[in-house]
Amino acid sequence: MSATRVVTRFAPSPTGYMHIGNLRTALYAYLLARHHGGTFILRIEDTDRQRLVADATKVILDTLRITGLSYDEGPGVGGPHGPYVQSERLDIYRRYALELIEKGAAYYCFCAKERQEEPEPGEALGGGYDRHCRYLSKEEVEARLAAGMPYVIRQKMPLDGTTVFYDEVFGEIATENKELQDQVLLKADGYPTYNFCHVVDDYLMGVTHVLRGTEYLTSTPKYALLYDSFGWPRPHYVHLPLMMGRNGDGSVSKLSKRHGSVSFADLLADGFLPQAILNYIALLGWCPKDSQTEFYSLAELAELFTVDGISKSPSVFDFDKLLWFNGEYIRRLPFPEFAQAIKPFLRTPLPDFVDLDRALALLHGRLDKLSLIDEKMAFFVQVPPYETALFCNKKNKVTEEQARGYLAAALPVLEGLTEWEGAALYQAMTELAARLDCKPAALLWCLRIAVSGLLVTPGGATEIMAVIGRDESLLRVRAALDKLS
RNA sequence: GGCCCGUUGGUCAAGCGGUUAAGACACCGCCCUUUCACGGCGGUAACGGGAGUUCGAUUCUCCCACGGGUCACCA
């Protein structure tokens, strides 16, 4: 497919849950690598010791396993460029940071952290760090190091000129170097910043294509400069349009925790299928050549995936559409798999008279989310309280009076049935309708209300009766007759 | 606020100088039907504004407006 080797990586921070935007980045990186027969790497970026969350790495691994985004190198599977966890590579970063100082592309900074504080919300930025230590003499630096003063290492940005880089999605982007701050590469605690270690790792691990959200677009010149300083070839940059969420006030912003259930785990718990989620987010920011919308496998997606199908503009996450995809995928599931998948969501114990498989078969085609199963199943367990007015049906011109008549006529027929099964029930009832000289639909309508207590049900009267069985059905019809008297 | 990026129906989006401006979700209608759903058919709905370039701009350029992102010893 491509003459050049393609190596991509997914490099999340174990700082909480796997967000859906993050998952999409992983998906695209995976697809690009697979499309070209390349390598997909997983790297854990745990250099922020404050934000570290205990089980977050497990969440990441679980997510990749569940979604089938298998990686060729990374924690657990190893590879030629390990370790793949940044906290285990500290000596490497220090070595390269020192190399940069030697090359005159970085410098020690002994200034207090307060010298460059985050600007107050709403306040215009003053200008950041004033580069005080950039101009320290070699002797001053030596003296302070010898005195054991704490320090950070900063990148020395060009003071004038322009840095240009090429992005595969956005094209050429030029930045005035005077806009770039002397960012910290190595923190006082000895850990590197993302700004530094991701560059070192990407180079060392042979990453050829860097995929990430556009929130990194404005800082990419700094990374490109880092590559240049080392004399390394820059990777291909592929910046992905952001996934947006709607805020309470109707505005949109970067999808994050405040928009509700947008973590992969939350979606699973809410009854979404992994493949449906993947299918939906694949299309948020990317479109295949022929605008195909449904994909049957990751392999099929990988075959179609190309960078030129990635869009530039941010997209709003639409739960309704995800829901539709989910329904599609649920319906597509072979019944045994559906029955298996629905299990964890069946929380209400079912009475003996309910034939579970038959009930599930009825529900299979009518669920958008697995978590809806209990709610849809409830009337099988127990008839909800209902008004006799439910029996009235305009289209079939049924009155309560007629309903009583129909049910009274149906009861003995049902009681006399030897075979309690859908087709037999249906046949018996249509025959009865002919005898009563009424439309089958009218009779079946009344029967359906009687055995369900609901206006809208999954399946018709005879199907429901087949599910709940003879005794319960007769019980419900008699109860309905009482109600109507 | 500076800088960067974006702007096709409510949403996701195709389009890459000449089209009746695709398709999907949602919505509406009809059909199918043992209610609903599924399925089938059909419908409503879009190129932010203004200048250029051109025989011709949704497509190219510029300006404006709007939206978003970013300015950390977070990633």
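Just so we're on the same page: letters track the sequence lines, and every chain starts at 1.
In the set B:U11, B:G68, B:U7, the nucleotide with an atom closest to the side chain of A:M244 is B:G68. You'll find that the side chain of A:V456 is closest to B:C36, out of B:C5, B:A13, B:C36.
Residue A:K187 places at least one side-chain N or O under 4.0 Å from the OP1 or OP2 atom of B:A75. Phosphate proximity of B:U70 to A:Y216: absent, as no side-chain N or O sits under 4.0 Å from OP1 or OP2. At B:A75, one or more side-chain N or O atoms of A:T47 fall inside 4.0 Å of OP1 or OP2 (strictly under the cut-off). Contact check, A:K254 against B:U70: a side-chain N or O comes under 4.0 Å of OP1 or OP2.
The aromatic ring centres of A:Y280 and A:F317 sit less than 6.0 Å apart.
Contacts of A:S13 with the nucleic acid, taken as non-hydrogen atoms under 4.0 Å apart, involve only primed sugar atoms and P, OP1 or OP2.
Nucleotides B:C73 and B:C16 are separated by 45 Å at their C1' atoms, to the nearest Å. Spacing of P atoms, B:C47 relative to B:U8, comes out at 11 Å, to the nearest Å. Comparing the P positions of B:G2 and B:A51 gives an interatomic distance of 27 Å, to the nearest angstrom. Distance noted for atom C1' between B:C12 and B:C27: 16 Å (whole Å).
In this entry the distance linking CG of A:D46 with P of B:C74 reads 13 Å, nearest Å. When the C1' atom of B:C36 is taken as reference, atom CH2 of A:W445 falls 10 Å away, rounded to whole Å.
In this structure B:G48 sits in a base pair with B:C64, meeting the Watson-Crick or G-U test at under 3.5 Å. Base pairing analysis places B:U59 opposite nothing; no Watson-Crick or G-U wobble pair with both distances below 3.5 Å involves it.
No donor-acceptor contact under 3.5 Å links the side chain of A:R448 to the base of B:U34. For B:A13, its base never sits under 3.5 Å from the side chain of A:S311 at any donor and acceptor pair. Residue-to-nucleotide contacts include a donor-acceptor pair under 3.5 Å from the side chain of A:T462 to the base of B:U34.
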Which protein N or O atoms sit under 3.5 Å from an N or O of nucleotides 37-47 of chain B?
unit_1	atom_1	unit_2	atom_2	d
B:G39	OP1	A:E328	OE2	3.4

